[in-house]
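What follows is a single structure, and I will ask about it in a moment.
In what follows, chains carry the letters A, B, and so on, assigned in the order in which the sequence lines appear, proteins first and then strands, with residues in each chain numbered from 1.
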2 protein chains.
Amino acid sequence: METVDCLPPKAFRNRHRNSTETVTHILKKKGVRVTQNRVDLLDILNDAQHPLNQKDIEERLSVKPDRVTLYRNLRFFVDHKIIHKIEVNDSLTSYSLNRTFIEEEHSEEHLHFYCSVCHKVICMPQLSIKEYDLPEGFSQQSSKLIVNGICNICNEEKQEI
Amino acid sequence: METVDCLPPKAFRNRHRNSTETVTHILKKKGVRVTQNRVDLLDILNDAQHPLNQKDIEERLSVKPDRVTLYRNLRFFVDHKIIHKIEVNDSLTSYSLNRTFIEEEHSEEHLHFYCSVCHKVICMPQLSIKEYDLPEGFSQQSSKLIVNGICNICNEEKQEI
DNA sequence: AAACATATGCAACATTGTTGCATATGTAAA
DNA sequence: TTTACATATGCAACAATGTTGCATATGTTT
């Protein structure tokens with residue numbers, strides 16, 4: 001079972017003043033090259049409070065690398081399990097830092113919430129995906145659960161109107 | 001909560017000799033135009049024992065309509081809730097006839113299994129998606145659960161080797 | 001500082017989704 | 001059955017995203 005944990009634990013968030021340091025540490029630990037593009041990309045994902053899609057990331061990059069480079073680095077990080085890919089729907093894929101890698105602790109596969117109003121993806125590591133009794137002969141490798149709905153912030157705004 | 005039921009109930013499968021008749025009936029009941037393209041498309045989905053992707057469908061069509069027409073009709077049927085769209089992952093979308101529409105009965109949203117060996121999507125209407133207690137303020141509209149693994153047939157074949 | 005493996009940018013192409021528009025076809029009314 | 005009209009279709013074209021090959025730039029190790 002693949003492990004996923006996309007929200008920064010509080011302890012972790014406060015411990016590191018300098019995101020770039022942390023991110024560089026991750027890359028070195030993994031034994032891959034530390035380049036500006038990669039550090040920038042991971043910095044952004046490290047700072048994010050929820051998963052970001054490729055556009056979100058591009059918007060936040062001060063120095064924009066070639067589209068292909070960003071694409072390749074995202075794939076590279078996914079392959080190296082440094083970031084986690086969340087396929088929300090046909091046309092939306094989000095990415096988040098895989099913090100289990102840093103924390104050396106494991107969390108179950110969990111639910112991802114997609115707000116149909118603000119289109120944010122919200123990671124809910126506290127909600128593990130429940131088990132299902134598959135029919136005889138079927139074996140499970142991984143699972144993904146996307147819940148569509150309205151998030152707390154958009155629900156509040158709706159009330160105010 | 002959207003209702004989904006992709007596998008033909010046995011009673012239903014045996015009742016109709018002529019798929020085209022059934023399919024024409026569906027279109028008429030919905031009050032939309034009955035065209036050859038649409039009947040062919042629904043025929044294929046009606047005959048299928050598991051959800052099909054656009055390529056699967058194209059392969060089975062004896063008379064191939066324009067790519068755009070197939071695309072438009074798939075979207076049209078999804079909008080009219082005649083077929084159900086299953087977004088398996090980034091690059092794979094499958095479609096299945098929405099039999100709840102014919103049967104006038106409802107089933108909960110359920111699990112879809114994706115076999116990583118044969119790449120088939122298998123519908124498991126007997127496994128309803130379990131409920132989750134979302135955090136305060138979040139409301140749920142729909143959900144989708146894709147379980148990746150190895151299906152019964154591919155597991156059997158693995159044993160034989 | 002040199003040597004080498006790898007990351008990057010660029011050009012190019014593939015796939016899928018999408019729109020506009022002229023023509024063909026299904027359907028309902030005469 | 002024919003006519004009239006709304007809608008479905010095919011075609012051309014374009015957008016977004018994913019992907020590869022290759023020359024050049026950069027990082028890492030010695």
Side-chain angles (χ1 to χ4, degrees), chain A residues 20-21 23-45 51-59 61-80 82-95 119 121, chain B residues 20-21 23-45 51-59 61-80 82-95 119 121:
Chain A
T20 303
E21 241 174 63
V23 149
T24 303
H25 178 71
I26 296 173
L27 293 173
K28 288 208 170 131
K29 197 168 167 189
K30 277 279 180 182
V32 298
R33 287 216 182 151
V34 182
T35 67
Q36 197 57 54
N37 281 332
R38 290 179 174 178
V39 171
D40 288 352
L41 172 51
L42 284 190
D43 257 351
I44 284 166
L45 290 176
L52 302 178
N53 60 46
Q54 189 157 346
K55 252 189 196 156
D56 294 334
I57 295 167
E58 271 176 10
E59 280 168 12
L61 283 166
S62 43
V63 181
K64 283 163 211 210
D66 191 84
R67 191 175 68 87
V68 180
T69 300
L70 181 52
Y71 167 76
R72 278 198 273 228
N73 277 334
L74 284 170
R75 189 171 58 177
F76 179 87
F77 288 152
V78 170
D79 288 348
H80 285 73
I82 293 170
I83 67 173
H84 183 63
K85 180 176 183 175
I86 306 153
E87 290 159 346
V88 182
N89 60 43
D90 255 9
S91 49
L92 184 61
T93 299
S94 289
Y95 299 90
H119 305 290
V121 178
Chain B
T20 303
E21 241 174 62
V23 150
T24 303
H25 179 71
I26 296 174
L27 294 173
K28 289 212 170 129
K29 197 167 166 192
K30 276 279 179 182
V32 298
R33 286 215 184 152
V34 181
T35 68
Q36 197 57 52
N37 281 333
R38 290 178 174 179
V39 170
D40 288 352
L41 171 52
L42 285 188
D43 257 352
I44 284 167
L45 290 176
L52 303 179
N53 60 46
Q54 189 157 344
K55 251 188 196 157
D56 293 334
I57 294 167
E58 271 176 11
E59 278 168 12
L61 282 168
S62 43
V63 181
K64 284 167 210 208
D66 190 87
R67 192 174 67 87
V68 180
T69 300
L70 180 54
Y71 166 76
R72 278 198 271 228
N73 276 335
L74 284 170
R75 188 171 58 175
F76 179 88
F77 287 152
V78 170
D79 289 347
H80 285 73
I82 292 169
I83 68 175
H84 183 63
K85 181 177 184 174
I86 305 155
E87 291 158 348
V88 182
N89 61 42
D90 255 11
S91 49
L92 184 62
T93 300
S94 288
Y95 300 89
H119 305 291
V121 178

Each nucleotide in nucleotides 24-30 of chain D should get exactly one letter: B, S or -. Can you fill that in based on protein heavy atoms under 4.0 Å?
--BBS--
I'd like to know if the side chain of Asp56(A) reaches the main chain of Asn53(A), judged simply by a donor and an acceptor atom lying under 3.5 Å from each other, with no hydrogens or angles considered.
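At least one qualifying donor-acceptor pair exists.
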Listing time: all N or O pairs from protein to nucleotides 11-16 of chain D that are below 3.5 Å?
from	atom 1	to	atom 2	distance (Å)
dC11(D)	N4	Arg72(B)	NH2	3.4

Closest-nucleotide mapping onto DNA chain D: is Asp90(B) or Lys64(B) further toward the 5' terminus? I mean the 5' end.
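Mapping each residue to its closest nucleotide by heavy atoms, the 5'-most match is Lys64(B).
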How many whole angstroms separate atom CG of Asn37(B) from atom P of dG10(D)?
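Whole-Å distance recorded here is 5 Å.
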Just wondering, do Ile83(A) and Leu42(A) contact through their side chains at under 4.5 Å, heavy atoms?
yes
Roughly how many Å is it from CZ in Arg75(A) to C1' in dA7(C), rounded to a whole number?
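Result: 13 Å.
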Which residues pass the side chain to side chain donor-acceptor pair (under 3.5 Å) test with Thr93(A), sequence neighbours left out?
Asp90(B)
Sequence neighbours left out, what passes side chain to side chain donor-acceptor pair (under 3.5 Å) with Thr20(B)? Give chain and number order.
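For Thr20(B) the side chain to side chain donor-acceptor pair (under 3.5 Å) partners, ignoring immediate neighbours, are Asp43(B).
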Counting just side-chain N and O atoms, does Gln54(B) come under 4.0 Å of either OP1 or OP2 of dT15(C)?
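No, because none of the side-chain N or O atoms of Gln54(B) sits under 4.0 Å from OP1 or OP2 of dT15(C).
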Compare side-chain N and O positions of Asn73(A) against OP1 and OP2 of dA7(C) and report whether any pair is under 4.0 Å apart.
no
Determine yes or no for a side-chain-to-main-chain donor-acceptor pair under 3.5 angstrom, with Lys30(A) supplying the side chain and His80(A) the backbone.
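It does hold such a pair.
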Suppose we screen for side chain to side chain contact (heavy atoms under 4.5 Å, CB included). Which residues come up paired with Thr35(A), at least two apart in sequence or across chains?
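Counting only residues at least two positions away or on another chain, Thr35(A) forms a side chain to side chain contact (heavy atoms under 4.5 Å, CB included) with Arg33(A), Asn37(A), Arg38(A).
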In whole angstrom, give the distance that lies between atom CG of Asp56(B) and atom P of dT16(C).
12 Å
Side chain to side chain donor-acceptor pair (under 3.5 Å) against His25(A), all qualifying residues, sequence neighbours excluded
none
What is the distance from CD of Glu58(A) to C1' of dG9(C), rounded to the nearest Å?
14 Å
May I have the distance from Ile82(B) (atom CD1) to dA8(D) (atom P), rounded to whole angstrom?
11 Å
To the nearest angstrom, the CG-P distance between Leu92(A) and dG18(D) comes to 11 Å
Respond yes when some side-chain nitrogen or oxygen of Thr69(A) is under 4.0 Å from OP1 or OP2 of dA7(C), and no when none is.
no
Phe77(B) CZ - dT9(D) C1' separation (whole Å):
13 Å
Closest contact, heavy atoms only, Leu45(A) versus Tyr95(A):
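Leu45(A) and Tyr95(A) have their closest heavy atoms at CD2-O, 3.5 Å.
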Within this structure, what is the CG-to-P distance between Asn53(B) and dT16(C), rounded to whole angstrom?
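So the CG-P distance, Asn53(B) to dT16(C), works out to 9 Å.
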How close do Ile44(A) and Ile57(A) get, counting heavy atoms only, and between which atoms?
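That would be CD1-O, 4.0 Å.
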